[in-house]
Amino acid sequence: MFQLLLPFFLLALSLIALSIIWRINARKYISSSTVASAYDAWTQDKLLERLWGEHIHLGFYPTVKNRIDFRKAKVQFVHELVKWSGLDKLPKGSRILDVGCGIGGSSRILAKYYGLNVTGITISPAQVKRARELTPDGLNCNFQVMDALDLKFEDGSFDGVWSVEAGAHMNDKTKFADEMLRTLRPGGYLALADWNSRDLREYPPSFFEDLVMKQLLEQWVHPNFISINEFGDILRTNKNSSGRVISENWNSYTNPSWYDSIIEGIRRPFAILSLGPFAIVKSIREIPTILLMNWAFRKGLMQFGVYKCRG
């Protein structure tokens with residue numbers, strides 16, 4: 001009897017152990033330094049790069065039926081946002097600021113395919129180091145450690161500002177928008193994508209949704225989420241904005257990324273195994289948060305907002 005029950009007992013024990021690890025090692029936002037530390041760790045252990053590639057953001061899937069490779073979808077996302085935002089109208093050599101550049105995946109596409117001169121900034125020194133290592137000589141990209149809420153550039157320094165999935169880590173969304181628009185020249189292009197919640201003031205979360213939202217904030221160093229309309233209003237009323245902001249919800253295009261990010265570990269098992277046994281534990285540890293993200297975006301509790309406006 002004991003031998004029959006042993007596998008179930010071990011499975012239950014493993015699940016309990018993983019849930020304890022998941023909760024104890026939560027990455028709660030305390031300050032910008034906790035964001036930097038989290039991304040330093042993710043970059044140095046190389047797990048995220050091995051699984052997600054150079055682009056630490058969601059992918060763009062044109063249709064549900066016509067599924068494309070996870071990493072190709074990430075590249076496709078960059079091209080789709082460039083085209084949608086009008087950034088492709090800028091002449092070659094235009095100066096672009098990539099706010100929250102990660103390890104430089106988007107920056108390199110902007111430089112290589114569109115001939116833009118890109119400056120990428122991130123709060124993580126490890127990301128800057130890795131971005132420089134991955135960037136070929138001759139490509140017009142440079143990377144700096146910098147806080148997005150305190151940009152060390154003069155007003156109107158850039159012809160375009162690009163930011164993908166960085167704003168959710170900012171504790172002051174108004175300051176985040178102000179710094180980007182301040183450094184954008186009049187008439188320049190802003191292209192931004194971010195994780196947003198639905199309007200929680202108009203549609204308050206249920207008890208269960210509140211629990212889910214709490215985990216989404218605490219697991220991946222997010223101080224808060226705001227709605228697409230709320231952030232659109234922040235951009236619209238900024239003194240450096242033209243006042244015309246267009247926003248959309250790209251949930252239908254990006255949602256397949258969540259399941260694909262888990263399946264990628266099955267497609268490329270050696271990407272994890274080659275990093276040692278602890279990498280397996282680390283990769284499994286992220287699955288509950290990814291599944292919660294998938295549920296929240298699929299149900300509309302979370303929304304993938306894209307924004308474009310002119311300086």
Side-chain angles (χ1 to χ4, degrees), residues 36 39 43 49 53-57 60 71 74-167 169-170 175-194 235 238 240-242 245-246 306-311:
Y39 276 102
T43 304
E49 183 183 337
E54 296 181 28
H55 305 274
I56 309 171
H57 57 72
F60 185 97
R71 297 191 185 195
K74 289 166 169 288
V75 173
Q76 183 70 19
F77 176 89
V78 177
H79 292 302
E80 292 292 337
L81 187 60
V82 167
K83 183 172 61 177
W84 180 81
S85 66
L87 212 64
D88 56 344
K89 295 181 174 67
L90 288 171
K92 291 184 178 181
S94 296
R95 303 156 300 170
I96 304 296
L97 177 64
D98 184 353
V99 180
C101 64
I103 57 176
S106 297
S107 295
R108 284 185 286 276
I109 288 179
L110 295 175
K112 181 178 179 180
Y113 289 93
Y114 300 96
L116 302 171
N117 190 340
V118 186
T119 298
I121 66 107
T122 169
I123 203 167
S124 163
Q127 284 190 326
V128 167
K129 180 177 181 293
R130 186 61 181 146
R132 290 171 178 170
E133 291 170 352
L134 291 170
T135 302
D137 293 337
L139 203 59
N140 285 326
C141 291
N142 72 87
F143 301 97
Q144 302 177 37
V145 178
M146 197 177 298
D147 189 338
L149 300 183
D150 185 22
L151 296 175
K152 306 300 183 183
F153 302 111
E154 294 183 2
D155 295 0
S157 295
F158 297 95
D159 303 300
V161 174
W162 170 276
S163 183
V164 175
E165 298 178 25
H169 294 297
M170 309 297 165
K175 181 67 173 173
F176 175 54
D178 189 55
E179 283 294 276
M180 288 188 292
L181 289 167
R182 177 186 66 77
T183 58
L184 182 64
R185 67 163 173 79
Y189 291 80
L190 173 72
L192 189 141
D194 213 348
L235 292 172
N238 188 281
N240 293 309
S241 165
S242 66
V245 178
I246 296 175
V306 292
Y307 309 81
K308 60 180 175 180
C309 72
R310 304 290 293 274

Looking at every heavy atom in both [X] and [Y], which two are closest together, and how far apart are they?
{"X": "S107", "Y": "C101", "answer": "OG-CB, 4.0 Å"}
{"X": "W162", "Y": "S106", "answer": "NE1-CB, 3.6 Å"}
{"X": "L151", "Y": "M146", "answer": "CA-SD, 3.8 Å"}
{"X": "W84", "Y": "I246", "answer": "CH2-O, 3.5 Å"}
{"X": "A193", "Y": "L81", "answer": "CB-CD2, 4.2 Å"}
{"X": "G311", "Y": "S242", "answer": "O-CB, 3.9 Å"}

Salt bridge (charged side-chain N to carboxylate O under 4.0 Å, His left out) contacts in which one or both residues fall within residues 96-112, not counting sequence neighbours: E54-R108
Salt bridge (charged side-chain N to carboxylate O under 4.0 Å, His left out) partners of residues 138-153, not counting sequence neighbours, each pair once: D150-K152
Partners passing ring-ring contact (aromatic ring centres under 6.0 Å, His included) against H169 (at least two apart in sequence or in another chain): Y39, H222
Test side chain to side chain contact (heavy atoms under 4.5 Å, CB included) applied to L184 and N240, step by step: CA-CA 8 Å; L184 182 64; N240 293 309; over 6 Å; no
Derivation of the side chain to side chain contact (heavy atoms under 4.5 Å, CB included) call for F176 and L192: CA-CA 12 Å; F176 175 54; L192 189 141; 4.0 Å; yes
Partner of F60 by side chain to side chain contact (heavy atoms under 4.5 Å, CB included), out of E80, K74, H79: E80
Criterion side chain to side chain contact (heavy atoms under 4.5 Å, CB included) against Q127, the qualifying member of V145, I121, I56: I56
Say you draw a straight line from [atom1] of [X] to [atom2] of [Y]; how long is it, rounded to the nearest 0.5 Å?
{"X": "M180", "Y": "F153", "atom1": "CE", "atom2": "CZ", "answer": "13.5 Å"}
{"X": "L139", "Y": "L110", "atom1": "CG", "atom2": "CG", "answer": "10.0 Å"}
{"X": "T183", "Y": "L190", "atom1": "OG1", "atom2": "CG", "answer": "9.0 Å"}

Check against side chain to side chain contact (heavy atoms under 4.5 Å, CB included), V78 and Y113: CA-CA 11 Å; V78 177; Y113 289 93; over 6 Å; no
Exam field: side chain R71 to backbone H55, donor-acceptor pair closer than 3.5 Å: no
Check: L235 main-chain N/O paired with S241 side-chain donor or acceptor under 3.5 Å: yes
Going by atom type alone, with no hydrogens or angles, which donor-acceptor pairs under 3.5 Å involve a side-chain atom of residues 86-97 and a protein atom two or more places apart or on another chain?
| unit_1 | atom_1 | unit_2 | atom_2 | d |
| --- | --- | --- | --- | --- |
| S94 | OG | P91 | O | 2.6 |
| R95 | NE | S157 | O | 3.4 |
| R95 | NE | D159 | OD2 | 3.2 |
| R95 | NH1 | S157 | O | 2.9 |
| R95 | NH2 | D159 | OD1 | 3.2 |

R310 NZ/CZ over Y189 ring centroid, <6.0 Å and within 45° of normal: yes
CA sep, side-chain torsions, deciding dist, call: V99, E179, side chain to side chain contact (heavy atoms under 4.5 Å, CB included): CA-CA 10 Å; V99 180; E179 283 294 276; over 6 Å; no
A166: side chain to side chain contact (heavy atoms under 4.5 Å, CB included) partners, not counting sequence neighbours: S163, M170
Contacts of R130 that satisfy side chain to side chain contact (heavy atoms under 4.5 Å, CB included) - sequence neighbours left out: T43, K46, E49, I103, E133, L134
Heavy-atom check, side chain of L181 versus side chain of C309, under 4.5 Å: yes
